[in-house]
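Order of appearance sets the numbers: ligands from 1, and atoms from 1 within every ligand. For reference, positions follow the sequence shown, starting with 1.
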Amino acid sequence: MSGKFDKRNTLNDLTGKEWLKLTKSFWFSEKCKDDKDAFQHPAPFLIKDIEKLISLFTKKEMTVLDPFVGSGTTLIAASNLNRYGIGIDLNKNYKKLAINRLNKLNFKEKIYYKYVIGDSFEIIEKISNIDYIVTSPPYHNILRNNGNGLREKKYNTCYNYRNGARIGVEYYSDKNNDLGNQNDYDSFLILFGNIMNKAFHKLNNKKYCSIIISDFTINKKETCILGDIVKVMEGIGFEFSGTIVLLQDNKPLYPFGYPYAYKINHHHQNIINFRKC
Ligand SMILES: C[S@@+](CC[C@H](N)C(=O)[O-])C[C@H]1O[C@@H](n2cnc3c(N)ncnc32)[C@H](O)[C@@H]1O
């Protein structure tokens with residue numbers, strides 16, 4: 001521990017020095033060896049990135065919710081830091097993947113975390129007393145539309161698996177309530193808002209919520225997803241507390257518009273933070 005802990009700190013267990021470091025508006029995404037076990041999921045978080053958020057927004061023994069938990073990374077990060085994790089996902093295969101990851105680290109269900117299969121819109125109703133929400137929804141129907149999915153095998157080994165180009169189509173599920181299966185972007189935003197509205201009512205007052213998502217194209221048009229997410233969340237009652245840019249410096253570069261037009265390569269995620277005031 002570097003620096004001094006201030007007894008008035010009701011937000012987290014960090015010293016002033018540690019807290020200050022995490023207020024930077026950009027972070028470099030950080031890998032660790034346990035990330036590689038998530039590669040059967042098309043879009044897992046990296047454990048260290050989520051640990052930083054959980055250490056910033058909670059104290060030990062608090063409860064963290066991820067309504068789109070996929071391969072269980074949030075549950076691993078929470079367990080590593082002595083927080084209780086609750087995860088929800090529609091796809092039962094992802095629960096199996098998550099349980100394998102958590103068992104390998106000796107984190108047992110119920111003691112350290114709970115993973116519930118189902119539609120978050122319904123499941124959140126049965127949950128209460130949440131101290132922090134961190135999540136990443138499907139990126140609209142991008143996995144279906146762009147032929148994206150799992151990443152190239154040569155990159156699936158150890159530290160590099162997250163940087164490879166995507167191959168083949170692997171989408172989350174065929175279910176109608178899967179946010180990744182909405183035909184138009186507005187329906188995606190409405191469904192996302194409905195789930196976050198439920199989550200808002202289960203989050204304790206003055207607590208935070210982080211949505212991790214990048215900008216992407218809708219019908220080939222560059223779209224400011226960040227702005228739309230802020231509008232949806234403010235409509236629910238959340239207060240916007242700023243965006244941390246999560247830099248992913250090792251991804252492959254594609255010459256999308258070259259040599260005729262400028263087309264951006266998205267090499268960062270936005271961690272969009274909100275508070276319930
Ligand atoms: C971007 S992924 C999240 C990945 C996760 N952060 C991880 O580390 O593996 C989005 C997840 O949302 C799930 N999902 C989509 N619609 C859902 C819904 N209505 N309720 C619960 N989960 C849903 C998908 O199955 C998918 O695993």
Under 3.5 Å between some N or O of ligand 1 and some N or O of F45?
-> yes

What residue and heavy atom of the protein are closest to atom 10 (C) of ligand 1, and at what distance?
-> S136 O, 3.5 Å

Here the atoms of ligand 1 under 4.0 Å from any heavy atom belonging to D119 are 18 (C), 19 (N), 20 (N)

For atom 4 (C) of ligand 1, which candidate among A43, G72, P67 provides the closest heavy atom?
-> A43

Within reach of ligand 1, part of D178 (heavy-atom separation under 4.0 Å) | both

Please assess Y94 against H41 for the test ring-ring contact (aromatic ring centres under 6.0 Å, His included), listing each intermediate value before the final yes or no.
-> CA-CA 7 Å; Y94 295 150; H41 190 285; 4.3 Å; yes

Atom 27 (O) of ligand 1: which protein heavy atom is closest, and how many Å away?
-> D89 OD2, 2.8 Å

Closest to atom 9 (O) of ligand 1 among protein heavy atoms sits S71 OG, 2.6 Å

Protein contact to atom 14 (N) of ligand 1 [nearest heavy atom, distance to 0.1 Å] = F68 CD2, 3.8 Å

Less than 4.5 Å apart, any side-chain heavy atom of N80 and any of E51?
-> yes

With heavy atoms of G70 as the reference, note each atom of ligand 1 found under 4.0 Å away.
-> 9 (O), 27 (O)

Quick one: do the N129 and N204 side chains pair a donor with an acceptor below 3.5 Å?
-> yes

Quick one: look up the protein heavy atom nearest atom 20 (N) of ligand 1 and list residue, atom name and how far away it is.
-> S120 N, 3.0 Å

May I ask whether Y94 has any heavy atom positioned less than 4.0 angstrom from an atom of ligand 1?
-> yes

F188 vs N183, side chain to side chain contact (heavy atoms under 4.5 Å, CB included): CA-CA, chis, key distance, verdict = CA-CA 8 Å; F188 160 79; N183 284 333; over 6 Å; no

Short question: side chain of N265, backbone of Y254 - any donor-acceptor pair under 3.5 Å?
-> yes

With atoms numbered from 1 as shown, which atoms in ligand 1 lie under 4.0 angstrom from a non-hydrogen atom of T73?
-> 7 (C), 8 (O)

Among I127, T74, I123, V69, find the residue that satisfies the side chain to side chain contact (heavy atoms under 4.5 Å, CB included) test when tested with I86.
-> I127

Atom 5 (C) of ligand 1 sits nearest the protein heavy atom V69 O, 3.5 Å

In the protein, what heavy atom is nearest to atom 17 (C) of ligand 1, and what distance, to one decimal place, separates them?
-> L90 CD1, 3.5 Å

For the residue pair D49 and S29, confirm or rule out a side-chain donor-acceptor distance under 3.5 Å.
-> yes

